[in-house]
Amino acid sequence: MAHTALDPGFRRLIDEHAPVRQAGSGFTFTEGPIWHPTEHYLLFSDMPADVRRRLDRAGVRDATRPSNKANGLTYDAALNLLACEHATSSVVRIRPDGTREILARHFQGRELNSPNDLCVKSDGAIYFTDPWYGRMPVYGVERPRQLGWQGVFRIRPGAKPGEEPQLLVDRYTFSQPNGLCFSPDESLLYVNDTDQANIRVYEVAADGSLKNGRIFASGLRDVLEPGVPDGMKCDAEGNIWCTAPGGLWVFAPNGRLLGKVAVPELAANLHWGGPDWRTLYVCATTSVYAIPVKVGPRSEPFMAARPQAAERPAGSEEVLRLDPSRCALIIQDMQNDVVMEGGAFAASGSPEHCRQQNAIANIARLAAHCRARGVPVIHVWFVRRADGRDMTLNAPLFEGCVDANALVEGSWGAEPVPGLEAQPGDHVIRKARMSAWEGTPLERILKAEGRDLVIETGAWTNMSIEHTARTGADKGYVMIIPEDGCSTMNADWHRASIDYAMRNVAMVTTTEEVIRALG
């Protein structure tokens, strides 16, 4: 769907025709998306369903149930999860071992309304909004209000659990304060108001208090399109992205409306994620959407964090799940010249490493299971003409292929290895480059089959497999690498590719784990 550029600066942030991909759906009302910077998954709230969900390469699964109808989520610098709980009127901290601590619940002896959204300053202070949506039916637990007004609060750095938070604004300034975010240098704090349909901006004083508040943007309404100010985030350039009618409205630091991002459902909140922080995840009513953007988020403290060593509680091991209806299996370059004794490249050590990995047997077992589960199997074979006129000699790999008279179409060397021949119903793709995407119908086949989770096996790990995984990730596919279903010339090259390059672009796992995950 097309987005709307109202200022040329909008096109530097997002392409006007950037796709809006539905990453997950079938939920009740989604909120609070946050990306884990080291384990690379999205956590989000489904408030009415009273569950916190996790979206990763394997799909969506429950993470916490019940969640006390939590709304806004973020992490602190130590990667503890911080959550605004509607049902308990609390801001809580959940440590990696599962320990839950109430950071704030009362102000001047009265219960907070229902903390809604929060953000963390680099000094560790937590700022949060406190409308009363969580005391309404559906989105919380219906009960009387104790405060009678809605504020914006700060939990000081190092505060003891349960310590009273600091009220930062006049208690009658806001009707329903909601989304909030810092500017990149943390000199400004933006807070929107859902009822008033505006955004205020405050200067942040040295002691963390707020001063000199003013209206930053107003009139975030449209009688023709549903949507209100709700979630709000700041990008690396200081632009403000706020949910609004039709999706998201993007404002320059001076308050100028740059453009609008169209979202199919009523948008509630947003956050950046992905390995390069260039995917914008939007929680919108029953779904989570993923949108490629050209700008990243402001640098938040948790983004530079490293996980603290901690033992998992018993029974907490994560289990990989894969939806067979979304998967496809690639078997790449498993040909006689590449990995068999007597092949053109046998002197490289590739046959020995293939045996060490038990790659042929592992791939055959995985392929049989995929066929049984309705997962398409796609063979990718490197073939060339005997005269070499279809090869460019711009790289040593291609020169070596011609010099060794390897992978000539119709020859024994170009044939698939015994046990990995194409079966009826399989797809066969021929290529003349390293990547399976280059000059082939691979993407057309995946789209025709409706597949976006690509399990990739074959040879060589640090060449064809890695190149294909990198390109697949760039194209938006989830690449899954069972590392014992891949091989190359030696274990050192294999491990270097798996441990350094591949883990940044793919899910690295094992053949057995993929088989279990497919069911």
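When reading the values below, keep in mind they use all heavy atoms of this one structure, side chains included, and skip hydrogens, waters and symmetry mates.
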Using the side chain to side chain contact (heavy atoms under 4.5 Å, CB included) criterion, which residues pair with [X]? Sequence neighbours excluded.
| X | value |
| --- | --- |
| Leu266 | Pro226, Thr285 |
| Val51 | Asp46, Ala49, Arg53, Asp62, Arg65 |
| Thr471 | Ser435, Trp437, Lys475 |

Check: CH2 of Trp277: more than 12 outside heavy atoms within 6.0 angstrom?
Finding: yes
Next item on the list: Flag yes if more than 12 heavy atoms outside Glu421 fall under 6.0 Å of its CD atom; otherwise flag no.
Entry: yes
Item checked: Matching residue for Trp35 among Tyr41, Tyr281, Tyr75, Phe44 - test: ring pair (Phe, Tyr, Trp, His ring centres under 6.0 Å) -> Tyr281
Margin query: Which residue in the set Asn80, Leu81, Ile34, Val120 passes side chain to side chain contact (heavy atoms under 4.5 Å, CB included) when paired with Phe302?
Written below: Ile34
What residues, two or more places apart in sequence or in another chain, satisfy salt bridge (Lys or Arg N to Asp or Glu O under 4.0 Å) together with [X]?
| X | value |
| --- | --- |
| Asp235 | none |
| Arg389 | Asp387 |
| Glu341 | Arg355 |
| Asp117 | none |

Side chains of [X] and [Y] only: does a donor on one sit below 3.5 Å from an acceptor on the other?
| X | Y | result |
| --- | --- | --- |
| Glu449 | His427 | yes |
| Asn239 | Arg298 | no |
| Glu31 | Asn269 | yes |

Check: Can you name the residues that form a ring-ring contact (aromatic ring centres under 6.0 Å, His included) with Phe10, not counting sequence neighbours?
Finding: none
Next item on the list: Identify, with sequence neighbours excluded, every residue that meets ring-ring contact (aromatic ring centres under 6.0 Å, His included) alongside Phe382.
Entry: none
Notebook entry, point to check: Measuring from His271:NE2 to Lys233:NZ, what's the distance to the nearest 0.5 Å?
Noted result: 5.5 Å
Next item on the list: Kindly compute the distance separating CD (Glu265) from CD (Gln22), expressed to the nearest 0.5 Å.
Entry: 6.5 Å
Do the side chain of [X] and the main chain of [Y] share a donor and acceptor less than 3.5 angstrom apart?
| X | Y | value |
| --- | --- | --- |
| Ser122 | Glu300 | no |
| Lys431 | Gly439 | no |
| Thr468 | Ala436 | yes |

Next item on the list: Write down the atom of Glu456, the atom of Pro482, and the distance for their closest heavy-atom approach.
Entry: O-CD, 3.4 Å
If you look only at distance, which donor and acceptor atoms sit under 3.5 Å apart when one is on a side chain in residues 242-250 and the other is two or more places apart or in another chain?
residue	atom	partner	partner atom	Å
Thr243	OG1	Val228	O	3.0
Thr243	OG1	Asp230	N	2.8
Thr243	OG1	Gly231	N	3.4
Trp249	NE1	Pro245	O	3.0

Return all side-chain donor-acceptor pairs below 3.5 angstrom for residues 391-403, not counting sequence neighbours, or 'none' if the list is empty.
residue	atom	partner	partner atom	Å
Thr392	OG1	Asn394	OD1	2.7
Thr392	OG1	Arg433	NH1	3.1
Thr392	OG1	Arg433	NH2	3.1
Asn394	OD1	Arg433	NH2	3.3

Next item on the list: Mind telling me whether His353 and His494 have parallel, tilted or perpendicular rings, with 30° and 60° as the class edges?
Entry: tilted
Item checked: Residues Asp474, Arg470: salt bridge by 4.0 Å N-O rule -> no
Next item on the list: Applying side-chain contact (heavy atoms from CB on, under 4.5 Å), run through Ile465 and Thr488 and close with a yes or a no.
Entry: CA-CA 10 Å; Ile465 303 304; Thr488 183; over 6 Å; no
Next item on the list: Mind checking side-chain hydrogen bond (donor to acceptor under 3.5 Å, both in side chains) for Lys260 and listing every partner two or more places apart, or none if nothing turns up?
Entry: none
Margin query: Run the side chain to side chain donor-acceptor pair (under 3.5 Å) test on Arg384 and Asn405 for me, step by step, so that the C-alpha distance in whole Å, both residues' side-chain angles and the decisive distance to 0.1 Å come before the verdict.
Written below: CA-CA 10 Å; Arg384 66 177 188 85; Asn405 197 32; 3.3 Å; yes
